[in-house]
Amino acid sequence: MPLVTSEKVLKKAQAGGYAVGAFNANNLEYVQAIVEAAEEERAPVILQASQGAIKYAGLEMIVAMVRTLAEAATVPVVLHLDHGRSFEQNVKCLRAGFTSLMYDGSKLPYDENAAITRKVVEMAHVVGVPVEAELGQVPDAGKVTMEEVEAFMTDPDEAKKFVEETGLDFLAVAVGSIHGMKSQAAEIDIDRTKKIADLTGVPLVLHGASGVTDEGYKAGIKAGICKINIATELNKAFTRGMHDALAKNPNEIDPRKIAGVGREYVKEAIKAKMRLFGCSGKA
Ligand code: G3H
Ligand code: 13P
Ligand code: ZN
């Protein structure tokens with residue numbers, strides 16, 4: 001089916017008390033793994049492109065790959081811009097065919113973040129494409145102390161104001177997760193998450209979710225998380241698959257037999273997350 005907007009799948013998730021997985025793709029094998037996993041789990045899915053992925057694969061190539069596989073799929077697939085860095089990049093992605101956008105002004109002062117987010121929302125809503133934005137900061141692993149993680153957390157009252165002032169569709173919250181964690185050890189502030197959900201009413205997005213515990217996903221979803229972003233876990237799976245393939249056959253020179261194992265590992269990692277997030281069987 002044609003690509004769908006994130007509004008369609010996330011409002012349903014909010015009403016149904018589950019979360020949709022948003023998986024970062026870096027190459028053809030990831031895109032195939034994400035769509036195949038969604039098909040096999042009968043799950044709606046969000047495939048997202050990070051700044052690194054856009055630099056690596058190119059915007060038009062990403063859209064062409066995702067559109068081709070989504071159109072052949074029988075489950076809803078969303079193409080989302082992850083951590084959009086400017087108004088201009090959001091316009092480019094909208095024109096290229098993305099069905100969901102993000103403007104990340106989280107490192108800017110509140111007023112600047114709100115003003116640019118508002119501009120992106122006004123632009124994207126003209127053609128019915130929803131926008132995610134971030135308040136507070138989800139930091140990168142290895143670059144912060146635990147005190148800083150706390151200090152960067154989203155303030156619930158400010159979140160209410162931010163949602164009202166910008167008209168955004170989904171709010172990325174800083175509630176204890178950290179981007180790029182290689183093990184599931186982050187503690188989520190559930191009370192804060194619930195407060196933000198109650199005050200804003202919008203579906204919340206959990207970034208840096210590779211580092212969140214399985215209990216953290218469950219409690220987070222109960223508190224109002226409807227979109228869960230996974231990148232690092234897929235990178236781990238892909239490289240582990242390739243390592244295993246080469247360890248088994250060190251003389252292998254056919255890259256398809258190496259990357260193909262990576263693709264299988266990524267697919268299995270995604271299916272496991274979909275079951276945890278409760279979106280399996282919801283397509
Ligand atoms: O939030 C973004 C992800 O952590 C991946 O970023 O693909 O640019 O390294 P990257
Ligand atoms: P991880 O790399 O920690 O899985 O975070 C993904 C993410 O937040 C993408 O926006
Ligand atoms: Zn993120």
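Heavy atoms only: backbone and side chains are in, while hydrogens, waters and symmetry mates are out. Just so you know, ligand 1 is whichever comes first in the structure, and atom 1 is the first atom listed for that ligand.
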- [ ] Within a distance under 4.0 Å of any heavy atom of His207, pick out the atoms of ligand 2 and give their elements.
- [x]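 Checking each atom against His207, I get 8 (O), 10 (O).
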TODO: Using a strict 4.0 Å cut-off to heavy atoms of Ile230, name the atoms of ligand 2 that fall inside it.
DONE: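 Reading through ligand 2 atom by atom, the close ones are 4 (O).
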Open item on the list: Checking one value in my table: which N/O/S atom of His207 lies closest to the Zn ion (ligand 3)?
Closed with: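 Atom name of the closest N, O or S in His207: ND1.
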TODO: Check whether any side-chain heavy atom of Leu204 lies under 4.5 Å from a side-chain heavy atom of Ile196, and answer yes or no.
DONE: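 Yes; the side chains approach each other to less than 4.5 Å.
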- [ ] In plain terms, say whether Glu148 and Lys143 are close enough for a salt bridge, that is, a side-chain N and a carboxylate O under 4.0 Å apart.
- [x]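 The answer is no: the pair does not qualify as a salt bridge.
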Open item on the list: Any salt bridge linking Glu233 with Lys273? Criterion: basic side-chain nitrogen under 4.0 Å from a carboxylate oxygen.
Closed with: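 No salt bridge links Glu233 with Lys273.
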Task: Contact with ligand 2 for His83, non-hydrogen, under 4.0 angstrom - done: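 For ligand 2, residue contact (heavy atoms, under 4.0 Å) with His83 is present.
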Open item on the list: With the threshold set at under 4.0 angstrom, would you say Gly211 reaches ligand 2 through any of its heavy atoms?
Closed with: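 Flag not set, Gly211 not near ligand 2.
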- [ ] Report, rounded to 10°, the angle at the Zn ion (ligand 3) between the two atoms NE2 (His179) and NE2 (His83).
- [x]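 Taking the Zn ion (ligand 3) as the apex, I get 100° for this pair.
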If you have a sec, work out which protein heavy atom is nearest [atom] and how many Å separate them, to one decimal?
atom	result
atom 3 (O) of ligand 2	Gly180 N, 2.9 Å
atom 2 (O) of ligand 2	Thr232 OG1, 2.5 Å
atom 9 (C) of ligand 2	Asp82 OD2, 3.1 Å

TODO: Please confirm whether the backbone N or O of Ala174 pairs with a side-chain atom of Thr154, one donor and one acceptor, at under 3.5 Å?
DONE: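 Pair found, side chain donor or acceptor close to backbone of Ala174.
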- [ ] Using distance alone, with no hydrogens and no angle criterion, decide if Tyr103 and Asn113 have a side-chain donor and acceptor under 3.5 Å apart.
- [x]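 Asn113 and Tyr103 do not have a side-chain donor-acceptor pair below 3.5 Å.
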Open item on the list: If only side-chain N and O atoms count, and only distance matters, is there a donor-acceptor pair under 3.5 Å linking Thr166 with Thr117?
Closed with: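 No, no side-chain donor-acceptor pair sits under 3.5 Å.
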Open item on the list: Can you pull out every ring-ring contact (aromatic ring centres under 6.0 Å, His included) where at least one residue sits in residues 153-194? Sequence neighbours excluded, please.
Closed with: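 Found His83-His179, Tyr110-Phe162, His179-His207.
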Open item on the list: Tell me whether Asn24 has any N or O atom under 3.5 angstrom from an N or O of ligand 2.
Closed with: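 No - when backbone and side-chain N and O of Asn24 are compared with those of ligand 2, no distance drops under 3.5 Å.
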Open item on the list: For ligand 2, which is the ligand I care about here, please tell me if Asn229 has any N or O atom under 3.5 Å from one of the ligand's N or O atoms.
Closed with: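 N/O-N/O distance below 3.5 Å exists for this pair.
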Near [X] [atom1], under 6.0 Å, is it more than 12 heavy atoms from other residues, nucleotides or ligands?
X	atom1	answer
Arg42	CZ	yes
Lys236	NZ	yes
Lys282	NZ	yes

Task: Option set Ala231, Gly208, Ser210, criterion heavy-atom distance to atom 8 (O) of ligand 2, minimum - done: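 Answer by nearest heavy atom: Gly208.
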Open item on the list: Test side chain to side chain donor-acceptor pair (under 3.5 Å) on Ser86 and Gln89; report intermediate values, then the result.
Closed with: CA-CA 5 Å; Ser86 61; Gln89 185 179 50; 5.2 Å; no
Task: Near-ring test Phe238/Tyr30, centroid separation under 6.0 angstrom - done: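 Yes; Phe238 has its ring centre under 6.0 Å from that of Tyr30.
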Open item on the list: At less than 4.0 angstrom from any atom of ligand 1, which residues have a non-hydrogen atom? List them by chain and residue number.
Closed with: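 The answer is Ser50, Gly52, Asp82, His83, His179, Ala231, counting any residue whose heavy atom sits under 4.0 Å from ligand 1.
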